[in-house]
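Below: the structure, in structure tokens.
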Amino acid sequence: MKWISLIPVVGVGVLLLFAAQDFPEWGDPQSPASQSPVASHFINNTGVDTEVPNMVTAVLADYRGFDTMFETVVVFIAGIAVLAILKGSGGRRRGTRRAYEVEAEPDIIVTHTVRLMVPVIQIFAFYVLAHGHVSPGGGFQGGVVMGASFILVALAWDLDHALVRMSLPRCMAIAAAGIIIYAGIGFLSMFLGGEFLDYAELEKVLPVSREMARYHAMLGVEIGVGFTVTSIMFALYANLSTEGRLKGGL
Amino acid sequence: MGLELFNTFILLLLVVTALAALRVRDLITAAAVLGVYSFLMCLLWAEMGAVDVAFTEATVGAGISTVVLVATIFNLKRKSND
Amino acid sequence: MFEDGAIINELLIERLNYIIYVVLLLIGLHAMISKQNLIKKLIGMSIFQTAIILFYVSIAVKDNATIPIYKTEHDPHGDAAKAAVLDSNRSGEETKAFYAPVMLKPEETQQYSNPLPHVLMLTAIVVGVATLGLALALCLRIQQGYGTVEEDELLVKIERSDARYSQSPLAKAKNRRRTQSRNTRKPRTSVKSTKSIGKSAKSLESRDSTKTKKTTSKSNLSQPKKKPASTSRKPRSSSSKVEGSKPTTPKAPAKKASEKTRAPKKKGAE
Amino acid sequence: MMSFSSPFQCLASATVEAGSSEGGFLVLQVIGVLLGVLGLIFFLGAAVGLVRFPDFYTRLHAAGKGDTLSTMLMLTGFALVTMEDFSLSSWLLLIKIMAVVFFIYLTSPTSSHALMRAAFEDDEMPITEDDIKKRNRQKGGKKS
């Protein structure tokens, strides 16, 4: 039965290899993708329009802001779906343990190291988020690093210890707040006379030039993305490791 | 030329790790090898100049997705039949 | 293109990235089709996804170009701009004019690699992990319902529970009532349900059919008695029957799940 | 082909030019490269130990020690190579790299410890002389 799967695989492979011949050489500066007016417009105008040195951040949060907003919504919906699938589904009955699960105190060496590490990781997450304009980084990466710090707490002690700091309702509230921040900045710029997510209009409320208004609005947008990604990553871990019971687990 | 050699080496290693991740029967090993695969991919992208994508892949692909996979496999059977 | 070994040069040296992307994509595709374990399928999906991202990033590469972050001389906030502002003893307006970033020249545009594919793929990675989490949650749910994530065992269990479901007189009575209420679709649904059940189920049913024909009147009579007891479970089973083309209603797991969903709710209410 | 420049190149380009023009800090570069090679040798030792050692605890011992030491050596070497001109930015880079080294010093032993403890709680027994003797006897029995 397995060999039948080879037929579509080989078919697709032959087609793709045949197409691969027609691609431009790797790294060719004259390739259509590199010569496209859109790409060169972004490279040229990012500095003039937004004063953000990192073009990727500028394109992500400003030029393609609408796209990124709904990507964030997708992440949020995935988190809600995981909650909806696993919430109260039970799994093993409460109280039963597996053979290899051992009753153990949280290890003192691990907990103390984590106690040292977590603040540094969280500060690094803020750095990644806020410094994303100048260096690689941004809302998604900072949010993931922030979520990882909570997961680290859950791994070193147990899930309850992490849930005291970030309970699941709080988690979802923060996730929703992230999207509201993002959309709120968009609507604010709409009410100030521009279009949706047209950050330049924010100069009317911020004491800066049009370019710098876009710069700072991008930071706000990234903070919104960071909120959502942080809490959804932690919610994913908390639900998957305990089958939605939020007790015990890894 | 040196960088291109590096590139080629990582590309071949990618195929090896991808095959290994699908070949192993122990699912936790498979998750770990997938983490290695993600990290190699991240190295390749950093070398190609896509630093933002590489950073995202390092945090998401090699970090969170491995953790989430292991957390799930903890609740499932660890061995797979193929 | 195909003569004197040019194809090797074309494909293996100049376009090795594209070849590897095709190979990785095929590995992922094959795993998604042929692996039995659902987690292995998800790993294959992950590899498939990264292969496509590799393709996009390969497109963005330019020879002799740096990462898409402005160098210090083009940077609106870099050391060069600040130093220039500090050095020149200009008035406010002049400083502003000097400080404002300039458009790049076309040859300077060539110094930076293409940022657009990077942006597209950045969000794809994060959304990828979100979908992976969702798929893993579904795997956990399947494990809870059927006790396995191996596809072949899963199919056997689904067939068996289907057979059990179609055997039970309660389900038959319900089925009949449903089909009576919509006469037009009667033949189609009945054929479908028997077809999708395995051979063993079919034989079981044919054996049972004589019995049920005899007891038709009886079951009709006894229906009102049974009705109040089954009302709580009725909407669940009927809705899940409508959902798929296959009547995949495992009775026991659904029952279990319904019990379990009820228990925590009570706890929450307290 | 001196192809596309990478982030590594971007990091090193300014400093390399300065070093080659002055030529005075070649010593630092040589020391840096030597430290890097030394780190690689220790990594090789760790890898060989991981394959050759008989049981879990000794294997983890090799991996943990080699990992910590060789990472420290290689990162220090890298810091020295980038320390071409003693400008503020290069000192900043040095401090950042040393912070990475510090965190590896914190985390690598902790992770080794956590793994060891997990194995110990899972009743994984270290190999003893009796085990080796028994194994040898079995091998001999099979041969004869």
Side-chain angles (χ1 to χ4, degrees), chain A residues 2 5-6 8-9 12-13 16-17 20-21 23 25-29 31 33-34 36 38-40 42-48 51-56 59-60 64 67-68 71 74-75 78-79 81-82 85-91 134-136 138 140 144 229 232-233 236 239-240 243-244, chain C residues 1 7 10-11 14-19 22 25-26 29-30 33-34 58-65 67-70 74-78 100-104 106 109-110 112 114-119 122-123 126-127 129-131 133-134 136-138 140-141 144 257 260-261 263-265:
Chain A
K2 249 182 181 178
S5 71
L6 281 175
V9 168
V12 170
L16 284 176
L17 282 179
Q21 287 180 354
F23 283 133
E25 280 183 20
W26 189 59
D28 183 13
S31 70
S34 302
S36 82
V38 183
S40 37
F42 285 149
I43 295 173
N44 277 323
N45 286 36
T46 299
V48 183
E51 301 202 12
V52 175
N54 188 352
M55 296 168 218
V56 175
V59 178
L60 183 81
R64 294 181 63 86
D67 182 28
T68 310
E71 301 268 11
V74 166
V75 173
V82 169
I85 289 168
L86 286 179
K87 176 124 190 172
S89 66
V134 191
S135 65
F140 286 112
V144 169
V229 173
I232 293 301
M233 289 302 151
L236 271 186
N239 275 294
L240 286 177
E243 301 188 43
Chain C
M1 195 188 280
I7 187 164
E10 285 246 325
L11 279 182
E14 303 291 352
R15 292 173 180 78
L16 184 66
N17 266 45
Y18 298 120
I19 304 298
V22 171
L25 194 138
L26 294 186
L29 185 64
H30 185 254
I33 295 173
S34 75
S58 305
I59 280 182
V61 174
K62 263 187 227 175
D63 276 340
N64 301 317
I67 52 179
I69 297 175
Y70 284 121
H74 302 145
D75 184 0
H77 291 286
V102 285
M103 289 275 262
L104 299 183
T109 307
Q110 291 297 320
Y112 299 104
N114 190 352
L116 193 56
H118 298 179
V119 177
L122 196 98
T123 45
V126 180
V127 170
V129 79
T131 51
L134 185 56
L136 287 173
L138 285 172
L140 276 179
R141 203 76 177 81
Q144 284 168 12
K260 267 166 196 168
T261 42
K265 250 185 211 164

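Labels below follow one simple rule: chain letters A, B, ... track the order of the sequence lines, proteins then strands, and each chain is numbered from 1. Hydrogens, waters and symmetry mates play no part in the numbers below; they use all other heavy atoms, side chains included.
- Taking C:Leu140, C:Asn114, C:Leu29, C:Ile69 one by one and counting their heavy-atom pairs under 4.5 Å with chain A, the maximum is reached by C:Ile69.
- Comparing A:Ser34, A:Ala78, A:Ala39 by how many heavy-atom pairs each has under 4.5 Å with chain C, the most go to A:Ser34.
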Practice task
Give the intermediate values and the outcome of side chain to side chain contact (heavy atoms under 4.5 Å, CB included) for residues A:Phe42 and A:Met55.
Solution key: CA-CA 7 Å; A:Phe42 285 149; A:Met55 296 168 218; over 6 Å; no

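- Residue A:Ser135 touches chain C through its backbone alone, counting heavy-atom pairs closer than 4.5 Å.
- Of the atoms belonging to A:Leu236, it is side-chain heavy atoms, and not backbone ones, that fall under 4.5 Å from chain C.
- Of all the listed residues (A:Pro8, A:Gly13, A:Ser31), the one sharing the greatest number of non-hydrogen pairs under 4.5 Å with chain C is A:Gly13.
- Side-chain contact between A:Phe140 and A:Thr68 is present, with heavy atoms from C-beta onward closer than 4.5 Å.
- If you tally non-hydrogen atom pairs under 4.5 Å between each of C:Leu25, C:Leu116, C:Val127, C:Val119 and chain A, the highest count goes to C:Val119.
- Only the side chain of A:Val38 has a heavy atom closer than 4.5 Å to any heavy atom of chain C.
- The CZ atom of C:Arg141 sits 15.0 Å away from atom CG of C:Leu136, with the distance rounded to the nearest 0.5 Å.
- Per-residue heavy-atom pair counts under 4.5 Å with chain C were compared for A:Val56, A:Leu6, A:Asp67, and the maximum is reached by A:Val56.
- Between A:Leu86 and A:Asn239 the shortest heavy-atom distance is CD1-O, 3.6 Å.
- Atom-to-atom distance recorded for A:Asn44:CG and C:Tyr112:OH is 10.5 Å, nearest 0.5 angstrom.
- Residues satisfying the side chain to side chain contact (heavy atoms under 4.5 Å, CB included) criterion with C:Ile59, sequence neighbours excluded, are A:Ala33, C:Tyr18, C:Phe55.
- Take C:Leu138 and apply the side chain to side chain contact (heavy atoms under 4.5 Å, CB included) test, not counting sequence neighbours, and it matches A:Ile85.
- Proximity to chain A (any heavy atom under 4.5 Å) is shown, for C:Leu134, by both the backbone and the side chain.
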